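Note on naming: letters A, B, ... go to the chains in the order of the sequence lines (proteins, then strands), and numbering restarts at 1 for each one. Just so you know, these numbers come straight off a predicted model, no measurement behind them.
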Amino acid sequence: MVGLVDCNNFYVSCHRSFDPSLEGKPVIVLSNNDGCVVARSNQAKELGITMGKPLFQIEDVIKAHQVKIFSSTYPLYGDMSARVMGILGRFVEEVEIYSIDEAFLNLAGYDRVYPDRVALAQQIRSTVAQWTRIPVSVGIAPTKTLAKVANWYAKRELMHNGVLELTDPSAIQAALEEFAVEELWGVGHRYAGLLKRNGIKTAWQLSQVHDVWIQKHMTVNGLRLAYELRGTPCRQLELEPAKKKSICTAPSFGRLVPDLATIKEALATHVARAAEKLRRQHSTAGVMTVFLHTNRFKDKEKQYYNSRTVELPHPTASTSELLHYAGAALESIYQEGYEFQKVGVILSDFTPENHRQPGLYSGSLDERLVKLSGVMDKLNTRHGRDKVRLAAQGFCPTWQMKQQWLSPCYTTRWKDILVVK
DNA sequence: TCTGGGGTCCTAGGACCC
DNA sequence: TCTGGGGTCCTAGGACCC
C-alpha cells in the first residue's frame, strides 16, 4: 500500500504561509525571468489563468481582479519542502521524496500501528498544516499510479476532505472510469492524442487494452502504467535519491545580449553554479557542452543556435578548469550580429570523485584546483552565494534575470525574519 | 516590450566484434 | 533458388516528469 502526499498549489502556499493576508485571494507565482505562470491559487485558477501562460497575455485579468504576483524564489520553496518532508518522516519509516512538493509513503506493514489509514492521513494533514501552514492532499492505493489517481480526486473533490483511499476493486474501477486518460501519470499530450484517436478516453479503458498494443505504441513504460492501473506494482519506492547523470545550468538573460564579453560573464557564472552542483554530489565530469541561442519567439529576427561539446582531458569538478574549456567552446560558436537570449552549460559523463584519474602531467595542480573549489564552496555556503568567486564572473552583472516581484526571504535572511508583535 | 528550467528513460538503426 | 548467429556500443529522436 502506497500513500502519495502532494502539497496544494505549493509555491503559492509557501508565500501564504508567511503572509496570511493572501488567503482566499487570487495569487500566482512566475517562472524565472517573470515569464510564465508556474503556480496558481485556486482563486487564480477560477479566473481561467492556466499553467504555463505567459504573463503578458493575462495582464487584463490581473488588473481586473487584483491578482497578487510573486517571482519564484527557490530558497524559500526548498526550505519549506524540507520541513514538510521532515514531518512525513515522523509518521512512516520509508518516504520517497519524488519532487519538491510530492512524496510517496510506504504504508505496507503498518496495519497494526495505523489500522485506519485515512485517519493517519488526516493526522499527517493537520500536523503539516499546523507546523508549516502548507495544505496537502493524500491519495492511498496499492500502486503509485493509483495513488496518484486517488490524490487527484482528494485534491479536487471537497467531500473527501483532502484524503482518498482506493483499495477495493469496485472503487478503483469507478474512479478510473471517470478519470480522463490525459490526466494519468505517464501520459503526455502526444500519447493522449494517440489514445483518443483510438477511442481510449478513460484510464479504465486504457487498463483494458491488450498488452501488445500498449507496448507497441507506448513502449514498456506504457505497459508498466497499464499494470499499475490493474493493481500490479511496477514502480518501486526509491528511497535513495539517485545521483544525477547530467547537470544543466542555463537561465535566460534578463534582456537580449549581443556582445561576447557579457555572454562570457554569464557563462562563467553558470559554469560556477553547475560545478557547485557537481561537487555537491561528489562527482566529476568528463564531458561539457556549451550552447548559445537567440529568442525563438522573435520570428522576425534572425535566429541562431549552436553548441559545442568538449571531451575534457581528464574528469574534473574544478570551476576554474571547467571555465577554461567553457570559454574556448563559447568563442568557437559565438557569432556577431545576433541578439542572444541564453547561454548554457551541460556537464555529463560523470565519475565519482574518489575514482578520479588525475592528469598525467598535472596531478598536483589538479589536487590544488579541487581543494580550491572546495574551500570556495565552504565560504559561500557560510557567507552567501558568490561571496568568493572567479573574476571572470564579473562584478556588476547586467544580464541577470528579472525578478520584479520578489517576496522577503523569510527563512534565509536574518533581516527578513517575521517579527511577532 | 513581454513566452522557464532541469531532468530521465526508451527505441531504432548503424557500426562494429567474433 | 540458396548467403549465419549472436553480441555490444553509440547516437539521435521522441516520449515523459515536476
### Message
Under 4.0 Å, counting only non-hydrogen atoms across every strand here, what does A:His189 touch: a base, just sugar-phosphate, or nothing?
### Response
sugar-phosphate
### Task
May I ask you to say what A:Asn33 touches in the nucleic acid, namely base, sugar-phosphate or nothing, with a heavy-atom cut-off under 4.0 Å?
nothing
### Task
Send over the distance from A:Arg273 CZ to B:dG4 C1', rounded to a whole Å.
17 Å
### Query
With sugar-phosphate meaning primed atoms plus P, OP1 and OP2, does A:Ser72 contact a base, only sugar-phosphate, or nothing at under 4.0 Å between heavy atoms?
nothing
### Query
Choosing from C:dC18, B:dG4, B:dC10, which nucleotide comes nearest the side chain of A:Arg296?
B:dG4
### Length of the CG-P vector between A:Asp60 and B:dC2, whole Å
18 Å
### Task
Report the distance from atom CD of A:Gln400 to atom P of B:dG5, rounded to the nearest whole Å.
14 Å
### Task
Pick base, sugar-phosphate or nothing for A:Lys244, based on heavy-atom distances below 4.0 Å to the nucleic acid.
sugar-phosphate
### Message
Over all strands shown, is A:Asp101 touching base, sugar-phosphate only, or nothing at heavy-atom distances under 4.0 angstrom?
### Response
sugar-phosphate
### Message
OP1 or OP2 of B:dG5 versus the side-chain N and O atoms of A:Lys342: is any pair under 4.0 Å?
### Response
yes
### Task
Report the distance from atom CG of A:Asp299 to atom P of B:dT3, rounded to the nearest whole Å.
13 Å
### Query
What orientation do A:Tyr74 and A:Tyr77 show, parallel under 30°, tilted 30 to 60°, or perpendicular over 60°?
perpendicular
### Message
Whether the side chain of A:Gln205 engages the backbone of A:Leu176 through a donor-acceptor N/O pair (distance < 3.5 Å, no angle test) should be reported.
### Response
no
### Query
Please give, in whole Å, the distance from B:dT11 P to A:Asn221 CG?
7 Å
### Message
Categorize A:Ile247 for me: base, sugar-phosphate, or nothing, with a 4.0 angstrom heavy-atom threshold over every strand shown.
### Response
sugar-phosphate
### Secondary structure string for DNA chain C (Watson-Crick or G-U under 3.5 angstrom, | for other-strand pairs)
....||||||||||||||
#### Entry: From B:dG7, C:dC18, B:dT3, nucleotide with atom closest to A:Lys277 side chain
B:dG7
### Query
Hey, does the side chain of A:Ser252 come within less than 4.0 Å of B:dG5's phosphate (OP1/OP2), counting only N and O?
yes
### Task
For B:dC2, take OP1 and OP2 only and decide whether either is under 4.0 Å from a side-chain N or O of A:Lys298.
yes
### Task
Select base, sugar-phosphate, or nothing to describe what A:Leu184 touches, counting heavy atoms under 4.0 Å on all strands.
sugar-phosphate
### Aromatic ring pairing A:His270/A:Trp399, orientation class (parallel under 30°, perpendicular over 60°, tilted between)
perpendicular
## Note on the structure
note: A:Gln303, atom CD; B:dT3, atom P; distance rounded to Å ~ 12 Å
### Task
Would you mind telling me which residue lines up with the more 5' stretch of DNA chain B, A:Gln57 or A:Ser246, judged by nearest nucleotide?
A:Gln57
#### Entry: Per A:Thr219 side chain, nearest of listed nucleotides B:dG4, B:dC10, B:dG5
B:dC10
### Spacing between A:Ile69 atom CD1 and B:dG4 atom P, to the nearest angstrom
16 Å
#### Entry: Interatomic distance where CZ belongs to A:Phe104 and C1' belongs to C:dC18 [whole Å]
12 Å
### Task
Just do the salt bridge (charged side-chain N to carboxylate O under 4.0 Å, His left out) check on A:Lys144 and A:Glu96 with the steps written out, would you?
CA-CA 11 Å; A:Lys144 281 179 156 184; A:Glu96 174 187 337; 2.7 Å; yes
### Task
Give A:Arg224 one of three labels, base, sugar-phosphate or nothing, depending on what nucleic acid heavy atoms sit under 4.0 Å from its own.
sugar-phosphate
### Message
Keeping A:Ser41 on the side-chain end and A:Lys25 on the backbone end, is there a donor-acceptor pair under 3.5 Å?
### Response
yes
#### Entry: Sugar-phosphate only, base, or nothing, as touched by A:Lys148 at under 4.0 Å among non-hydrogen atoms
sugar-phosphate
### Task
Answer yes or no: is there a donor N or O on one side and an acceptor on the other, between the side chain of A:Asn306 and the main chain of A:Leu292, under 3.5 Å?
no
### Task
Report, as yes or no, whether the 6.0 Å neighbourhood of atom CD on A:Gln57 holds more than 12 heavy atoms from other residues, nucleotides or ligands.
yes
### Task
Would you indicate which nucleotide in B:dG5, C:dC18, B:dC2 comes nearest to any side-chain atom of A:Lys402?
B:dC2
## Note on the structure
Of the candidates B:dT3, B:dG4, C:dC18, the side chain of A:Val38 sits closest to B:dG4
### Summary
Between A:Ala250 and A:Asn295, the residue closer to the 5' end of DNA chain B by nearest nucleotide is A:Asn295
### Message
Between A:Met218 and A:Leu195, is there a side-chain heavy-atom distance shorter than 4.5 Å?
### Response
yes
### Task
State which residues pass side-chain contact (heavy atoms from CB on, under 4.5 Å) with A:Lys402; sequence neighbours excluded, sorted by chain then number.
A:Asn33, A:Asp34
### Message
Less than 4.0 angstrom between a side-chain N/O of A:Lys245 and OP1 or OP2 of B:dC9, yes or no?
### Response
yes
